[in-house]
Amino acid sequence: MSHPDAPDAESTDFIREAIAADNQSGTFGQRVHTRFPPEPNGYLHIGHVKSIALNFGLAEEFDGKCNLRFDDTNPATERQEFAEGIQHDLAWLGFTPSGPTLYASDYFEQLYTWAESLVERGLAYVDDQDSETISTQRGGFGQPGVESPFRERSAEENLDLFRRMRAGEFDDGSRVLRAKIDMQAENMQLRDPIMYRIKRSTHYRTGDTWVIYPTYDWAHGQSDAIEGITHSLCTLEFMDHRALYDWYLQQLDLPFEKPEQIEFARLGLTHTPMSKRVFARLVEGGYVDGWDDPRMPTVRGMRRRGYPATALRAFVDRVGIARTNSTSEIELLESFVRDELNQTASRRMAVLHPLKVVITNWPADEVVLVEAANNPADPDAGTRQVPFTGELWIEQDDFKLEPPPKYYRLSPGREVRLRAGFYITATDVETDEAGNVTTVLCTYDPESEGGSTPDGRKVKATIHWVSAEHALDRTVYLYERLFSDPFPGEGGADPLDSLNPSSRETVAAKLEPALGDAAAGQVVQFERLGYFAVDMDNPSIFHRTVGLRDEWANIQKRNQAQAGKSKQNNQQGKQGKKKSEGA
RNA sequence: UCGCGGGUAGUUCAACCGGUAGAACACCAGACUUUGAAUCUGGGGGUUGCAGGUUCGAGCCCUGCCCCGCGAGCCA
């Protein structure tokens with residue numbers, strides 16, 4: 001294939017450019033070594049996928065390496081379960097670390113040794129004040145900080161105190177080790193940041209061997225250095241930490257080029273808070289079934305929902321890397337999911353909201369096996385046989401006693417095609433006392449088997465169906481957005497305020513027999529409805545992954561909006577535009 | 001209030017370090033169709049935050065202003 005004029009398919013961004021420049025100048029000797037450093041205090045979510053794809057993608061593109069390192073410096077929140085889950089999710093996404101899994105907690109001893117060396121050189125001191133006092137002394141934006149009365153302790157005293165901190169002689173929170181930098185610095189991160197705190201909490205890996213733990217800032221750059229990381233990528237909120245990152249590394253006087261911290265914007269997604277705190281509340285509050293609930297934006301939730309890993313990766317690739325805070329539309333993610341599934345998912349028929357059809361001229365008890373393509377776009381996907389009988393289920397939406405304009409599905413006197421089956425014409429209905437249609441009586445054209453007639457006449461609609469006698473009864477979960485507001489929590493509101501109360505609808509569906517063979521986790525297309533994933537644990541449960549694009553729904557929506565608008569014109573006036581400002 | 005970062009179609013990103021803006025998704029229309037899907041074709045959409053300046057020429061450079069984000073955890 002030759003597309004001489006095709007735009008360069010290679011995605012480029014400021015980070016890739018920076019790396020190319022480093023390679024050009026030989027800064028790291030052509031080496032590219034990144035790392036993905038999650039804290040094991042929750043499961044991976046779609047936001048992490050962006051960072052993962054960036055770090056691992058860079059390593060691959062530049063023929064370098066990418067580590068998986070757990071940033072486990074806070075024993076209070078971390079758990080083995082999360083560390084394992086993250087590794088599992090990472091593998092499912094299709095990424096493989098360049099070496100064994102690494103842990104910041106493995107560097108505790110080295111970090112401690114380095115800290116002592118800073119103490120010895122008068123670059124760090126033990127502060128006996130409580131956190132509130134320290135916080136007050138730090139000053140504020142535009143106001144200088146106040147130096148701690150303990151700032152000028154001798155190196156000997158500091159070393160003694162620091163060793164006794166490690167030995168467990170002091171109470172939690174009673175002392176900290178601080179870097180001695182500059183209480184006047186405009187960058188708050190440089191106002192004598194804390195390096196160690198005393199915290200008696202069992203660490204999921206180191207147990208109780210430590211009572212002092214390094215803070216993120218003290219641990220991160222040094223961990224990068226230990227691993228020979230060249231480009232340490234993190235999100236924008238760490239921008240102010242870069243000066244500190246560099247300061248620590250400078251004091252260590254390492255015999256090789258120091259890693260370079262580069263920040264990029266985290267992923268924002270409409271209708272999707274991207275905070276572990278919110279996720280934990282959803283799980284703990286019982287608003288969802290767990291971290292792997294199909295409505296959760298976690299990797300495991302999306303996997304259960306049926307989102308293919310390739311779609312997730314294609315999505316974050318498309319969003320790209322920039323320094324602009326931005327929020328992508330969730331529709332973009334969904335379009336990648338559909339795009340992938342359209343190519344891979346087998347077609348099946350299922351009726352979600354069943355309405356009985358009786359074919360009055362069908363030979364009693366006759367069963368005809370009709371042949372249906374598994375994927376019309378892919379002949380290699382083969383065909384299957386679907387039993388057709390005189391009693392069928394069709395979708396309630398596919399019949400209207402009084403068809404609205406532009407409606408061309410089944411209605412009295414109208415003929416439609418049953419997909420891969422026969423043409424039927426509605427002749428009559430049966431209703432209950434309330435007047436609701438309970439059964440549609442039809443006649444069929446015996447010459448139309450397979451979906452076409454000798455006279456070649458056209459019908460406007462093709463609808464799906466399931467033989468009542470052969471139908472499988474299954475539970476299908478239909479999902480809507482978990483949060484109805486595109487920007488949950490905007491303006492300081494509680495994100496949970498915009499939880500959609502009907503984010504999951506449970507439906508008793510009728511499925512064609514072939515669906516009985518669907519494998520756990522498999523995703524199929526229910527024709528005309530959407531993609532549905534077989535639950536990974538219970539194969540008789542289906543989750544709607546994503547619906548098909550639905551032009552008819554759009555038409556109806558437009559008509560409604562039109563009607564609503566003309567109604568509104570009469571009573572318009574007040575209601576200032578609601579603009580949301582940060583609280 | 002101070003510091004840092006950012007502002008290009010509805011959204012997310014491009015635009016060879018000055019040559020007068022493109023793509024994807026979304027939207028609209030048409031073609032095709034045994035999924036109102038998919039596919040194909042076409043279309044509407046931008047005074048590049050605002051105002052000046054430099055220049056033959058500015059989204060790119062300069063000045064001022066506006067708006068948004070982050071920063072005062074012993075969280076990461």
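We name chains A, B, ... by the order of the sequence lines, and we start the count at 1 in each one.
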Using side chain to side chain contact (heavy atoms under 4.5 Å, CB included) as the criterion, list what pairs up with A:T453, not counting sequence neighbours. A:Y423, A:D445, A:S448, A:D455, A:R457

Which residues share a side chain to side chain contact (heavy atoms under 4.5 Å, CB included) with A:T133, sequence neighbours left out: A:Q129, A:D130, A:Q137

Using a 4.5 Å cut-off on heavy atoms from C-beta on, say whether the side chain of A:I181 contacts that of A:W247. yes

RNA chain B: A:L332 or A:A265, which has the more 5' nearest nucleotide? A:A265

In whole angstrom, give the distance that lies between atom NZ of A:K458 and atom P of B:U33. 6 Å

So what does A:K406 touch, heavy atoms closer than 4.0 Å: a base, only the sugar-phosphate, or nothing? base

Nucleotides 1-3 of chain B: which of its N/O atoms have a protein N/O under 3.5 Å away?
unit_1: B:U1; atom_1: O2; unit_2: A:F141; atom_2: O; d: 2.8
unit_1: B:G3; atom_1: N2; unit_2: A:D240; atom_2: OD2; d: 3.2

Holding to side chain to side chain contact (heavy atoms under 4.5 Å, CB included), I want the full list of residues that pass it with A:T344, two or more places apart in sequence or in another chain. A:E340, A:L341

How would you list, by chain and number, every residue that makes a salt bridge (Lys or Arg N to Asp or Glu O under 4.0 Å) with A:D378, sequence neighbours excluded? none

Would you write out the dot-bracket form of RNA chain B, 5' to 3', with Watson-Crick and G-U pairs under 3.5 Å, [ ] for crossing pairs, | for pairs to other strands and . for unpaired bases? .((((((..((((.....[..)))).(((((.......))))).....(((((..]....))))))))))).....

A:E551 has an atom CD; how far is it from atom C1' of B:C32, in whole Å? 15 Å

Separation of B:C70 P from A:Q189 CD (nearest whole Å): 14 Å

Sequence neighbours left out, what passes side chain to side chain contact (heavy atoms under 4.5 Å, CB included) with A:R79? Give chain and number order. A:E81, A:F82

Restricting to salt bridge (Lys or Arg N to Asp or Glu O under 4.0 Å), what partner residues turn up for A:E237, sequence neighbours left out? A:R266

Mind checking what makes salt bridge (Lys or Arg N to Asp or Glu O under 4.0 Å) contact with A:R318, not counting sequence neighbours? none

So what does A:R175 hit on the nucleic acid, given a heavy-atom distance under 4.0 Å: a base, only sugar-phosphate, or nothing? nothing

CH2 of A:W218 versus P of B:A76: gap in Å, rounded? 14 Å

